[in-house]
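Below, chains carry the letters A, B, ... as their sequence lines are ordered, and counting in each starts from 1.
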Amino acid sequence: MLARAAREIGPGLVVNLGIGLPTKVVDHLDDSIPVCLHTENGLTGIGASLPFEQADRNLIDAGGAYVSTIPGSAFCDSATSFALVRGGRLDLTMLGAFEVAENGDLANWKIPGKFSPGAGGGIELAQKARRVVVISTHVDRAGNPKLLNACSLPLTAKSCVARVYTDMAVVDVTPEGFALREIAEGVPLSDVVAATGARLNLPAGEIPVF
Amino acid sequence: MLARAAREIGPGLVVNLGIGLPTKVVDHLDDSIPVCLHTENGLTGIGASLPFEQADRNLIDAGGAYVSTIPGSAFCDSATSFALVRGGRLDLTMLGAFEVAENGDLANWKIPGKFSPGAGGGIELAQKARRVVVISTHVDRAGNPKLLNACSLPLTAKSCVARVYTDMAVVDVTPEGFALREIAEGVPLSDVVAATGARLNLPAGEIPVF
Amino acid sequence: MLPDKTTSMEEAVARIGNGATIMLGGFGVPGTPFSLIRELTRQGQTDLIIVKNDANETGMGVDHLLANGQVRKLITTHIGLNRRAIDMLNAAEIEVEFCAQGILAERIRAGGAGLKGFLTDIGIDTELATGKQVVEIDGTPALVETALRADVAFVHADRADSFGNLCYAATARNFNPLMAMAADLVIAEAETVLPPGGIAADAVHTPGPFVDHVVMLGEIGEEYQVVRR
Amino acid sequence: MLPDKTTSMEEAVARIGNGATIMLGGFGVPGTPFSLIRELTRQGQTDLIIVKNDANETGMGVDHLLANGQVRKLITTHIGLNRRAIDMLNAAEIEVEFCAQGILAERIRAGGAGLKGFLTDIGIDTELATGKQVVEIDGTPALVETALRADVAFVHADRADSFGNLCYAATARNFNPLMAMAADLVIAEAETVLPPGGIAADAVHTPGPFVDHVVMLGEIGEEYQVVRR
């Protein structure tokens, strides 16, 4: 899933990898492709993660991980960092999800009564990145689908998700709802359909495997 | 007039000297008093003016004069420079005037049909500096009073002027209107009164001379 | 000659009264003014409104103020790493106002820039829009976000000069330069304090006129160090 | 590895069409992208809306575009040093929109920050308020100032790296970093272009992601030099 998602990241893009699974996509990037990774606490050009012994106490990403710079990195304040996001300079963000609706609505920040730590920077990433993709398990820990007709949780942003990468499939959000694009190796199509809580449009012909 | 106005500038103040006569106040500053001069094109801590031969092509004040830095100077962009003004960090500005009204209204940027080059930074200086003083000739070139009951020209800002330094007098704007505080050496009181286009409240007792 | 603003920590913090609104720089550990927060804990001002991106982690920074019962309200973006903050919120022992992170940054900047507020579509179709005034701009709706100013800002600088010009290190910059513009009393703690001219005029992150007091830090304490999870 | 954005001046400017809104950095001479303006004059795009603090002086910068009949409208703060601009305004050969200087800066920044506008009391009791929407904030009126974006921004940097990180010299900074955030196509001319890493990450004024093209200047021409009046 992470390796497949990494192929989203083409040359020249400015990319923000959200906290959790999306951050791990960085390990699957092709070093020969010129990209600029952004973290909203104020760094463009994120370098390798560092173990504690080598860490700079002043240099973290928005998830709190110790990172490094590369030649051409720049630091900025939080207002400038989000100016980049809202101003249209963030080409792609990859985010986690609690729920994704077939119209692209995303819920990933609040479970009323259970989990309400605040939205952090997720609202603006979801609403303003030029392309928003979700990286997530296909179902939650209780086995319930995360891809739904409509979100039941408070929204992060409306109609923002373009594509979802899960452990089972690659699914696009289209005007006609969810469309299956690829399926994970060894996963039966019936399992994907059963694990999806909304209509899943199937491609004509064979389904590519990733 | 300029030397008298320079005595406004007490220790610790952040001061913006407007284009024209006010800029010349700098030549009368006491170097032992710690102050920070600001120019709205993005410099805090203005140093001495420089002749063309010594000028840095990238270092001017808002009036276009070539200036220098001092130890502790800082450059900033135009938004930050005006943030300083609007945010309450500019203690004092000295501005020129076409007209000052007895309620402190200031007109200094536009003469409809004659002079409309745009307001530049004057609106924000006049409206937001913690103290606004005007440095100006007492009358205009045609001999007409600049201190008036009410301004006839488009306003720069309402009720902003605290004090006026002219070639004839030092005049405060008070809730009761203009109040004469000091008079220039050798100028008869009757001349000041005649050159003022509004009621001029006189002090009890002798009028200090500057 | 520029004014000298170096001050002792005790004296600078003593200017703060009960009920003050205080902005605290920092995003997680980097940029958090731990020493100023410690002194505020020691002096014990109460009924505070604290503005900070996050609530740090338990046992660090803001958490001392929470544990000490000094905080009435927190304006923040995310408190997920501080169990005590979440528990106090759930028990209604503190009030918490959540903002989207870039919106909090921008509200502070607007306060610093002497604006009344700004107009944005961020959060417009979500519960974050609840209670906010809506204005039409060119036929599309925008939310009014009000400017945020504070009585006091604590910022952590890597380097300062005695006039208050500040530089921040790496991602320790974050909210610090914004808050340094947005309070009536700005107190900067700095790891190094240089004479005027010690920071190049082109390299200054926060110009000195925004800063009221510069406090020189001694040895950097444990709280500032790398967190080994 | 970060993308390389170095481009020839001709190629970068050729991306601009007739009718474009173009922001030009600079306050007087410092920071004005004279070489990019020259190339725009040479290529001859017309019907332009130009956003610049001032109209330079006769024979310099913006004046070439005015003389060449390429400008339809000017959004500016002060044109007092350019007689041609004043005459063209009086003859209705160009339209001029005047803003207070800090308001123009802030409108551009708002555009760059992806905001819809901001609320201010600047100019509220003057003719600058004419025609502007008024909003009540906490019971007091504020003017709505709309965000300003452009199709193109020309900025002049002292140093750039090939990724587009920019540093400005002294008061040549002015509107440049604001405009560099506020256009769909940002073209930076730079006196020196360095490889990535040539500008320290803490010293960058405009982060590279805001910039589309970096154009290296050769010898600095007469227009950039000290003006002997």
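Interface remark: of the candidates C:C99, C:G123, C:G31, C:A85, C:G123 forms the most heavy-atom pairs closer than 4.5 Å to chain A. For the set C:A105, C:G102, C:A169, the entry with the most heavy-atom pairs within less than 4.5 Å of chain A is C:G102. Your options are C:A170, C:A100, C:A55, and the one with the most heavy-atom pairs under 4.5 Å with chain A is C:A170. No other option in A:K110, A:E40, A:R86 has as many heavy-atom pairs under 4.5 Å with chain C as A:R86.
Interatomic distance, A:I60 CD1 to C:F27 CZ, rounded to the nearest 0.5 Å: 6.0 Å. Put simply, CG on A:D77 and NE2 on C:H205 are 9.5 Å apart, with the number rounded to the nearest 0.5 Å. Interatomic distance, A:C76 SG to C:Y168 OH, rounded to the nearest 0.5 Å: 14.0 Å. Distance check, rounded to the nearest 0.5 Å: CG of A:N58 to NE2 of C:H156 gives 6.0 Å. C:Q101 contributes atom CD, which lies 8.0 Å from atom OG of A:S81 (distance to the nearest 0.5 angstrom). With values rounded to the nearest 0.5 angstrom, A:E124 atom CD is found 7.0 Å from C:T120 atom OG1.
In the displayed structure, A:D30 atom CG is contacted under 6.0 Å by more than 12 heavy atoms of other residues, nucleotides or ligands. Within a 6.0 Å radius of NZ in C:K132, more than 12 heavy atoms belonging to other residues, nucleotides or ligands are found.
In this structure, chain C has no heavy atom under 4.5 Å from any part of A:A74. If you measure heavy-atom distances from A:T39 to chain C, you find no contacts under 4.5 Å at all. Neither the backbone nor the side chain of C:L104 has a heavy atom closer than 4.5 Å to any heavy atom of chain A. Only the side chain of A:F82 comes within contact range of chain C, with at least one heavy atom under 4.5 Å from a heavy atom of that chain. For C:L178, the part lying near chain A is the side chain, with the backbone staying farther off; criterion is any non-hydrogen pair under 4.5 Å.
Using modelled atom types, one side-chain atom of A:Y66 and one backbone atom of C:V227 make a donor-acceptor pair closer than 3.5 Å.
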Between A:K128 and C:D121, does the salt bridge (charged side-chain N to carboxylate O under 4.0 Å, His left out) criterion hold? Intermediate values first, please. CA-CA 10 Å; A:K128 290 296 180 178; C:D121 61 356; 2.9 Å; yes
Checking A:K158 against C:E127 for the salt bridge (charged side-chain N to carboxylate O under 4.0 Å, His left out) test, could you report, in this order, the C-alpha distance in whole Å, the side-chain angles of both residues, the deciding distance, and whether it holds? CA-CA 11 Å; A:K158 285 189 84 152; C:E127 66 174 53; over 6 Å; no
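For C:E106 against A:A79, the heavy-atom pair with the smallest separation is OE1-CB, 3.9 Å. Heavy atoms only, all atoms of each residue included: A:D56 and C:V226 are closest at C-CG2, 4.4 Å.
Under 4.0 Å is where a charged nitrogen must lie from a carboxylate oxygen, and between C:E222 and A:R57 no such pair does.
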